[in-house]
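Hydrogens, waters and symmetry mates play no part in the numbers below; they use all other heavy atoms, side chains included. Sequence lines set the chain letters: A, B, ... in the order given, protein chains first and strands last, and positions in each chain run from 1.
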Protein chains: 2
Amino acid sequence: MAAPPTTPETRERLIDAAVFLFWQNGYAATGVAEILARAKVNSGSFYHFFRSKEALLLAVLDWYVRGLKPFVMQPAFAQSPDPIERVFAVLAFYRQNLIKTGCTYGCPIGRLALEIPENRAEVHHLLAANFDGWTAAIETCLDAARDRLPPDLDRTSLSQFVLTVMEGGVMQSRAHRRIGPFDASVRHLRRYFELLTQSPHHARPVTPPRPIPRPGGPRKTTHRSLTQELL
Amino acid sequence: MAAPPTTPETRERLIDAAVFLFWQNGYAATGVAEILARAKVNSGSFYHFFRSKEALLLAVLDWYVRGLKPFVMQPAFAQSPDPIERVFAVLAFYRQNLIKTGCTYGCPIGRLALEIPENRAEVHHLLAANFDGWTAAIETCLDAARDRLPPDLDRTSLSQFVLTVMEGGVMQSRAHRRIGPFDASVRHLRRYFELLTQSPHHARPVTPPRPIPRPGGPRKTTHRSLTQELL
DNA sequence: GTCTATATGCCGATAGAC
DNA sequence: GTCTATCGGCATATAGAC
């Protein structure tokens, strides 16, 4: 069961290289030759594993879907047991990436979501799946904090709002090359949460949390199929 | 002072074509040949006016800077005299563009802000100038509504937050091909404003009744070119 | 300012030996 | 599965007549 000490396999090296280069330079601006050089792979091997550059992009996006929890959400959640603090720990993760790159590399998924031509349905499907996984993870935090939030509040749409704030903040910080707009956006999101949790929605009942899971209720999206979700 | 009925000059035709194609397909994916065909201009004429494709991009971004007030802000502000409603009228403008394009074309500035390589300083400078013009216009609304907002609130950063919500919402709607995420984000921004204006910072003057903002209300323009409508 | 023809290079993708 | 060599095409940009 111990992992063998070999260098990563060719296919994984290609995905790793593409993950970095698409993040740094985008999809169209990254040439296959660049990927080959970085991965130290020859052209023939590339087309043995991937039928095209776009097929590699799909593998990259699948890699992001699978890596979201172990590499983003779980480390962020480990920062605090408080569910709302966990939301902001996720945002702090993206802030760190901005800082480390001089505010030049933002969210790789967001970048691709705006770059990829609209007629590549399969690619956009995987982009949407990435967003869905992200918001679903945030939603688990919001659900855990439901007692502090107004009862009429829709936590699914609030999780989308959190993603909106992250992506919009990253975009402005990249344009300005300053972390300021990102921080400003997160501060306002923080204030929104404070106002929501302070709003006198009702006297808090001492009723214990629900035991009955409703059949059509909020699903855990991590087991959703990646190819059947859109629309 | 009547506008002469001539066809647009070559330079303007090139900019118009590029505005549309960069909006639809992005910068790298748009070939010069495509621009020439759409503008009905020959290669020689193109390089008479622009030293390179990137020089045309700079002209396009300058076009957006100059068009922001007449083609986006003023029409939106005409929807309501209430300054906070005007903020949401601007957001409704972008909603309309999403709807008209099946949620495929978003904000052209945001798209370019994430696509253009980070080492093109001049381009990013003009992208930031576009964002600055946008948030400055929003800030005039917030300043006009200052009596309804908490005294400690920083209106500059709130105007950046409004842009963040617009851009993040557009991005998610493009990925999902549904207007839902955009609407959800704007709803939460609305709720944030309501909480801010309701917070008991001091005695407040009479709040005017809030009319329902029909997103993208009655259009009075019929002969504006498509590309002129979008910022 | 406009036109046609073309230079030059990189692009994604392939052929075929090993 | 890996390697070298290369294809055909499209990219941006230019030359030079008119």
Side-chain angles (χ1 to χ4, degrees), chain A residues 4-61 111-112 115-123 126, chain B residues 4-61 111-112 115-123 126:
Chain A
T6 64
T7 51
E9 298 293 337
T10 304
R11 197 188 125 94
E12 276 65 44
R13 288 209 314 280
L14 286 166
I15 292 178
D16 281 355
V19 161
F20 177 79
L21 289 168
F22 292 165
W23 178 46
Q24 182 184 56
N25 301 323
Y27 177 72
T30 299
V32 172
E34 219 176 330
I35 299 170
L36 298 180
R38 187 179 176 90
K40 294 187 168 56
V41 166
N42 297 305
S43 172
S45 297
F46 177 93
Y47 287 99
H48 172 76
F49 288 106
F50 302 100
R51 72 177 51 178
S52 68
K53 181 184 173 186
E54 184 169 325
L56 173 60
L57 172 61
L58 294 173
V60 165
L61 291 175
R111 177 173 199 161
L112 294 168
E115 178 188 348
I116 301 301
E118 81 253 17
N119 59 341
R120 321 323 293 245
E122 210 177 348
V123 180
L126 269 172
Chain B
T6 65
T7 50
E9 298 295 336
T10 303
R11 198 187 124 96
E12 277 65 43
R13 289 209 313 280
L14 285 167
I15 293 178
D16 280 355
V19 162
F20 177 79
L21 290 168
F22 292 165
W23 178 45
Q24 183 184 56
N25 301 325
Y27 177 72
T30 298
V32 173
E34 220 177 329
I35 299 170
L36 298 179
R38 188 179 175 91
K40 294 186 169 57
V41 166
N42 296 305
S43 172
S45 298
F46 177 94
Y47 287 98
H48 172 76
F49 289 106
F50 302 100
R51 72 177 44 185
S52 68
K53 181 186 173 186
E54 185 169 323
L56 173 61
L57 172 61
L58 294 174
V60 164
L61 291 175
R111 177 174 198 160
L112 294 168
E115 178 188 348
I116 302 300
E118 80 253 17
N119 58 343
R120 321 321 301 237
E122 210 176 349
V123 180
L126 269 172

Got a donor-acceptor contact below 3.5 angstrom from the A/R111 side chain to the B/E115 backbone?
-> yes
Atom CZ of A/F46 to atom C1' of D/dA5: distance rounded to whole Å?
-> 18 Å
Dump every N/O contact between nucleotides 6-11 of chain D and the protein below 3.5 Å, one line per pair.
none

CD of A/E54 versus C1' of C/dG12: gap in Å, rounded?
-> 12 Å
Going by the angle between their ring planes, with limits at 30° and 60°, are B/F46 and B/F50 parallel, tilted or perpendicular?
-> tilted
Partner of B/I35 under side-chain contact (heavy atoms from CB on, under 4.5 Å), picked from B/V41, B/I15, B/L56, B/D16, is B/L56
A/H48 side chain, from C-beta outward: closest of D/dA13, D/dG1, C/dT2 = D/dG1
Calculate the interatomic distance between B/E12 atom CD and C/dG1 atom C1'; express it in whole Å.
-> 14 Å
Runs of at least three consecutive pairs that involve DNA chain C, where pairs are Watson-Crick or G-U with distances under 3.5 Å = C:1-18 with D:1-18
Residue pair A/Y47/B/T10 against DNA chain C: nearer the 5' end by closest nucleotide is B/T10
Tell me: CG of A/L56 to P of C/dA13, nearest whole Å?
-> 10 Å
Rounded to the Å, how far apart are B/L14 CG and C/dG1 P?
-> 12 Å
Determine yes or no for a side-chain-to-main-chain donor-acceptor pair under 3.5 angstrom, with A/R38 supplying the side chain and A/L21 the backbone.
-> no
Crowding at CD, B/E34 (>12 non-hydrogen neighbours, <6.0 Å) = yes
If you look at every heavy atom in A/A28 and A/K53, which pair is closest and at what distance?
-> O-NZ, 3.8 Å
So, B/Y27 side chain and B/E54 main chain: donor-acceptor pair closer than 3.5 Å or not?
-> yes
Please identify each residue that fulfils side-chain contact (heavy atoms from CB on, under 4.5 Å) with A/A37, with sequence neighbours left out.
-> none
Decide side chain to side chain contact (heavy atoms under 4.5 Å, CB included) for B/L61 and B/V123; before the verdict, give the C-alpha distance in whole Å, the side-chain angles of both, and the deciding distance to 0.1 Å.
-> CA-CA 8 Å; B/L61 291 175; B/V123 180; 3.8 Å; yes
With heavy atoms under 4.0 Å as the rule, sort B/F49 into base, sugar-phosphate or nothing.
-> sugar-phosphate
How close or far is atom P of C/dC10 from atom CG of A/L36, stated in whole angstroms?
-> 15 Å
From C/dC3, D/dG1, D/dT4, pick the nucleotide closest to the side chain of B/N42?
-> C/dC3
